[in-house]
Enquirer: 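Handing you this structure, nothing more for now.
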Amino acid sequence: MGEKRFETEVIHAGYKSDEFRGSLAPPLFQTSTFTFDTAEQGARRFAGEEEGFIYSRLGNPTVAMLEERMAVIEKGEKALAFASGMAAVSAILVALTRTGDHILCSQGVYGCTFGLLQLMKEKYEINHDFSMMSTREEVLAAITPETRVIYIETPINPTMRLVDLEMVADVAREKGIPVVVDNTFSSPYLQNPLELGCDFVIHSATKYICGHGDVIAGLAVGPKEIMSKIAMTTQKDIGGVISPFDAWLLLRGLKTLPVRMDRHCENAEKLASYLSGHPAVEEVIFPGDPKHPDYAIAKKQMRKPGGLISFNIKGGQKEAQAFINKLKLIKIAVSLGDAETLIQHPATMTHAVVPKEAREKMGIKENMLRLSVGLEAWEDIRDDLEMAFESVRKESTMETGSI
Ligand SMILES: Cc1ncc(COP(=O)(O)O)c(C=O)c1O
């Protein structure tokens, strides 16, 4: 049997029911350790002379099913599952760098990734720089003789700017530098960086891959040889492995990923267009908008423009906070990719750890809000936004006394 389509692989890859007494759902191996038949067998497993499980920090059947499925759908050789997206980010960055190295990073990353880069700089003298990576020349100019990793988020959290992955991968290949992509915002359904020439993909699986807001987890996919080494060194010894139950929930979440993503994207397109026409909104930043500066890149490398919208409300932090305080259906929360529509204020929440000056360079303004569009009827999400805009407008009219 040849390769199946994405929508089939998310349901079947990595699991054969006939190997598990016909159980349709993958079994949950909720165990910390595995028994050996004999002392000699234990010794052979530790020596790597015999296949088999040893201890769940080193591998677990349910986790292995998830990893196999993930490698197939991200079109890579080997995946590893972690306790969080940040455990995946840190394992890959720690594995690929040493003291004195340099990481070239997209102009804007998730706040804790920014925090990790700071920590690596302060404690281990692993430096980094940020670049918009808009052209080949810009990428080449930002690479130093010490650059060992190019690290990209696209779309960037929360500015929604994009990086041309094929172009950067091409430059990086010439220089022999691996490209790591945080693909959280797109999910494997909308974008496959490895197919575009990048080397590693990371996901906060907490988001679209889980899809139900009940798991914290991470996944990384890359070349078999390096990932196997990471599994037996960085991952095993630092220890940020996923629990079998969370892996089981992700296997379940993945089955509906394409269906959910289609709905997230459909809702987001309608809401971006509603917000664009709203008089209280200064700017809408959505990759599906032909006026978005990276619209052409979105068309080229993403299947659809995604389910996230950032928008700048007229005013500043006070106005942004007053607006989200009025929302009822939409919840104020800092995750994304869930069934529920969520909104957050990046400057004081996800990116509060980024100093103001660096935040401004990234394009995160005090009046920016990030909307993770959920799976509800889009008209209900729109009505909630409209109600909040209207309440704020009425209150400010009363305060100023104007009509
Ligand atoms: C783009 C991106 N990468 C990584 C992470 C970290 O993932 P986790 O919270 O699962 O550790 C997040 C979390 O919000 C994120 O948005």
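Note that ligands are numbered from 1 as they come in the structure, with each ligand's atoms numbered from 1 the same way. Below, all heavy atoms of this structure are taken into account, side chains as well, without hydrogens, waters or symmetry copies.
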Enquirer: Please tabulate, one line per pair, the protein N or O atoms found under 3.5 Å from any N or O atom of ligand 1, giving the distance to one decimal.
Expert:
residue, atom, partner, partner atom, Å
ligand 1, 3 (N), D182, OD2, 2.6
ligand 1, 7 (O), S204, OG, 3.0
ligand 1, 10 (O), G85, N, 2.9
ligand 1, 10 (O), S204, OG, 2.8
ligand 1, 10 (O), T206, OG1, 2.6
ligand 1, 11 (O), G85, N, 3.0
ligand 1, 11 (O), M86, N, 2.9
ligand 1, 14 (O), K207, NZ, 2.7
ligand 1, 16 (O), N157, ND2, 3.0

Enquirer: Between M65 and F29, is any pair of side-chain heavy atoms under 4.5 Å apart?
Expert: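 M65 reaches F29 side chain to side chain.
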Enquirer: If a pair satisfies side chain to side chain donor-acceptor pair (under 3.5 Å) and one of its residues is in residues 208-223, list it, with sequence neighbours excluded.
Expert: none
Enquirer: For residues 78-94, which residue pairs pass the salt bridge (Lys or Arg N to Asp or Glu O under 4.0 Å) check, not counting sequence neighbours?
Expert: none
Enquirer: Below 6.0 angstrom between ring centroids: does that apply to F34 and Y55?
Expert: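 When the ring centroids of F34 and Y55 are compared, they turn out to be at least 6.0 Å apart.
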Enquirer: For residues 130-139, which residue pairs qualify under salt bridge (Lys or Arg N to Asp or Glu O under 4.0 Å), counting only residues two or more places apart or in two chains?
Expert: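 Listed once each, the pairs are R136-D170, R136-E174.
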Enquirer: Check whether any side-chain N or O of S276 sits under 3.5 Å from a backbone N or O of A272 as a donor-acceptor pair, and report yes or no.
Expert: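 Between the backbone of A272 and the side chain of S276 there is a qualifying donor-acceptor contact (under 3.5 Å).
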